[in-house]
Amino acid sequence: MFSRLRPLIVLILSAQLLLTGCSANAEKTNPSNAVLWKIEMANSPASWLLATVNTPDGQDVEFKPEVEPALLNSKYIGTEYYNDMNSSIQLAQAMLTKEASLQALLGQERYAKVLPLLAARGYPEAVAAKLQPWAVAMLLFSPKQGKENIPMDEYVFQYATETNKPYFAIESIEQQLAPFKKLPAGKQIILIDGLIANHDELESAFAANMAAYLKSNLDPIAPLMQIETIALPKHERAWFSAWRKELKTSRNKIIIERLKPALQKGEAFFTVGAGQLTGQDGLLAAMRAAGYKVTAVKVEPAQK
């Protein structure tokens with residue numbers, strides 16, 4: 001049922017910030033062998049956390065069998081950020097300038113290389129020319145887009161809309177964009193160069209991420225997002241590594257704080273990018289440390 005839904009609205013802009021990866025040494029006692037997690041706290045009904053990944057071009061969104069019962073039985077639906085039209089407009093306003101200045105900021109050679117990559121993500125030159133450099137870096141962290149390439153979060157949002165279930169966003173658009181907007185201008189250029197140079201490898205990694213996700217194995221998803229391993233200059237890798245790790249830790253705090261009202265009510269179903277969840281510095285470990293009981297939810301294979 002739900003896995004076959006198609007969107008009611010095609011959003012103007014869609015960018016998933018799956019930029020944070022898990023620690024290379026994931027907790028052996030808590031392997032990431034599930035995509036759905038049951039979250040429990042004292043004196044409240046259980047809630048459910050669904051890990052999501054970017055959907056590469058040509059790959060349909062198919063949720064695991066265990067997801068639908070949790071979604072149907074939930075009373076509240078949440079995603080990382082609002083997927084409605086107003087949020088799309090807010091996103092566009094933040095990412096775009098009034099004048100076409102990207103070519104001047106990037107230089108002609110770099111600009112020429114980045115244009116086809118942005119076009120493949122649904123941003124023709126008329127739009128791309130007005131993008132902020134940090135927005136270019138952010139968009140290159142998402143896979144190429146096909147006509148039916150609908151983000152997982154959008155399916156969840158559409159379900160909430162069609163069933164009239166109360167809907168909430170874990171973060172605001174501004175909170176989602178802040179890590180990229182705060183990057184120093186020079187670091188933005190370095191990151192863009194690394195993403196351009198390793199574009200083919202990144203596309204392959206998106207496909208590998210989906211393959212791992214379909215096997216309910218989140219751990220292999222991490223290397224793509226550990227940007228210090230993306231052919232950046234050696235003297236820059238430590239800076240970007242520290243930036244990524246700080247981002248993941250600070251986001252954990254924001255997410256847990258923003259989820260408190262929903263988790264206190266219970267029976268909430270919400271989504272967070274898979275790269276944010278795993279490892280000793282991931283959201284699952286942070287939620288356990290905050291006193292929540294976190295349990296993997298899986299459907300056992302039928303016995304023959």
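All residue numbers refer to positions in the sequence shown, counting from 1.
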Task: Gap separating the CE atom of M85 from the OG atom of S88, nearest 0.5 angstrom - done: 5.5 Å
TODO: Look up atom CG in L118 and atom NZ in K144, then write down how far apart they are to the nearest 0.5 Å.
DONE: 12.5 Å
- [ ] Could you tell me which non-hydrogen atom of T278 sits nearest to which non-hydrogen atom of K248, and how far apart they are?
- [x] O-NZ, 3.0 Å
- [ ] Walk me through it: do E125 and Y111 pass the test side chain to side chain donor-acceptor pair (under 3.5 Å)?
- [x] CA-CA 10 Å; E125 184 173 4; Y111 180 73; 3.1 Å; yes
- [ ] Please examine the side chains of N33 and L218, heavy atoms only from C-beta on, and report whether any two atoms are closer than 4.5 Å.
- [x] no
Open item on the list: Tell me whether S204 contacts the main-chain N or O of D200 through its side chain, where contact means a donor paired with an acceptor under 3.5 Å.
Closed with: yes
- [ ] With side chain to side chain contact (heavy atoms under 4.5 Å, CB included) as the test, would you mind laying out the steps for Q108 and Q103 before giving the verdict?
- [x] CA-CA 6 Å; Q108 176 58 40; Q103 181 175 347; 2.2 Å; yes
- [ ] Indicate yes or no: at least one non-hydrogen side-chain atom of E40 is less than 4.5 angstrom from one of K38.
- [x] yes
Task: Qualifying salt bridge (Lys or Arg N to Asp or Glu O under 4.0 Å) pairs, either residue in residues 87-97, two or more places apart - done: none
Open item on the list: Quick check: closest heavy atoms across I254 and Q175, and the distance to 0.1 Å?
Closed with: CG2-NE2, 3.9 Å
Show every donor-acceptor pair shorter than 3.5 Å between a side-chain atom in residues 127-136 and any protein atom, with sequence neighbours excluded, or say none if there are none.
none

Open item on the list: Distance check, rounded to the nearest 0.5 Å: I173 atom CD1 versus Q93 atom CD?
Closed with: 11.0 Å
Task: Criterion side chain to side chain contact (heavy atoms under 4.5 Å, CB included) on N209 and N54, from CA distance to verdict - done: CA-CA 8 Å; N209 279 357; N54 280 305; over 6 Å; no
Task: Atom of M287, atom of I39 and distance for their closest heavy-atom approach - done: CE-CG2, 3.7 Å
Task: Over 12 foreign heavy atoms within 6.0 Å of NZ, K165 - done: yes
TODO: Might you point out which heavy atoms bring M210 and V53 nearest each other, and give the distance in Å?
DONE: CE-CG2, 3.8 Å
TODO: Grab the two heavy atoms, one from P179 and one from L247, that are nearest each other, plus how far apart they are.
DONE: CG-CD1, 3.2 Å
Open item on the list: Measuring only between side-chain heavy atoms, which start at C-beta, is L49 closer than 4.5 Å to L277?
Closed with: yes
- [ ] Flag the pair V67 / F269 as yes when at least one side-chain heavy-atom distance between them is below 4.5 Å, and no otherwise.
- [x] yes
TODO: State the OH-CG distance between Y155 and L71, to the nearest 0.5 angstrom.
DONE: 13.5 Å
Open item on the list: Please enumerate all residues that pass ring-ring contact (aromatic ring centres under 6.0 Å, His included) together with Y167, with sequence neighbours excluded.
Closed with: Y82, F157
TODO: Considering non-hydrogen atoms only, spot the tightest contact between K64 and S216 and give its length.
DONE: CE-OG, 3.3 Å
Open item on the list: Any heavy-atom pair between the side chains of Y213 and V35 that's under 4.5 Å?
Closed with: yes
Task: Residue pairs, two or more places apart or on separate chains, that pass salt bridge (Lys or Arg N to Asp or Glu O under 4.0 Å) and touch residues 108-119 - done: E109-K113, R110-D193
Open item on the list: Let me check something: do I189 and L105 share a hydrophobic cluster, defined by ILVMFWY side-chain heavy atoms less than 4.5 Å apart, either directly or through other members?
Closed with: no
Open item on the list: Is any side-chain heavy atom of I170 closer than 4.5 Å to one of Y81?
Closed with: no
Open item on the list: Between Y76 (side chain only) and L263 (backbone N and O only), is there a donor and an acceptor less than 3.5 Å apart?
Closed with: no
Task: Expected output: side-chain E80 to main-chain G273 donor-acceptor under 3.5 Å - done: yes
Open item on the list: Donor-acceptor pair, distance only, cut-off 3.5 Å: does the side chain of S142 make one with the backbone of L139?
Closed with: yes
Task: Check: I77 and V156 side chains under 4.5 Å, non-hydrogen atoms - done: yes
Open item on the list: For the OG atom of S241 and the CG atom of L232, what is their distance to the nearest 0.5 Å?
Closed with: 10.5 Å
Task: Under 3.5 Å: donor-acceptor pair, side chain of N252, backbone of D281 - done: yes
Open item on the list: Parallel, tilted or perpendicular: which one describes the rings of F270 and F168, with boundaries at 30° and 60°?
Closed with: tilted
Task: Full working for side chain to side chain contact (heavy atoms under 4.5 Å, CB included) between T295 and K293 - done: CA-CA 7 Å; T295 310; K293 181 180 178 181; 3.8 Å; yes
- [ ] Only pairs at least two apart or in different chains count here, so list each side-chain hydrogen bond (donor to acceptor under 3.5 Å, both in side chains) that has a residue in residues 262-271.
- [x] K75-E267, D153-T271
- [ ] Evaluate the side-chain proximity of W243 to K182: yes if any heavy-atom separation is below 4.5 Å, no if none is.
- [x] no
Task: Approximate separation, where rounding is to 0.5 Å, of N86 CG and L91 CG - done: 12.5 Å
TODO: Please say whether the positively charged group of K187, taken as NZ for Lys or CZ for Arg, lies over the ring of W239, i.e. under 6.0 angstrom from the six-membered ring centre and within 45 degrees of the axis.
DONE: yes
Open item on the list: By the salt bridge (Lys or Arg N to Asp or Glu O under 4.0 Å) test, which pairs, at least two apart or in different chains, include something from residues 169-178?
Closed with: E171-R251, E174-K181
Open item on the list: Tell me whether S47 contacts the main-chain N or O of A268 through its side chain, where contact means a donor paired with an acceptor under 3.5 Å.
Closed with: yes
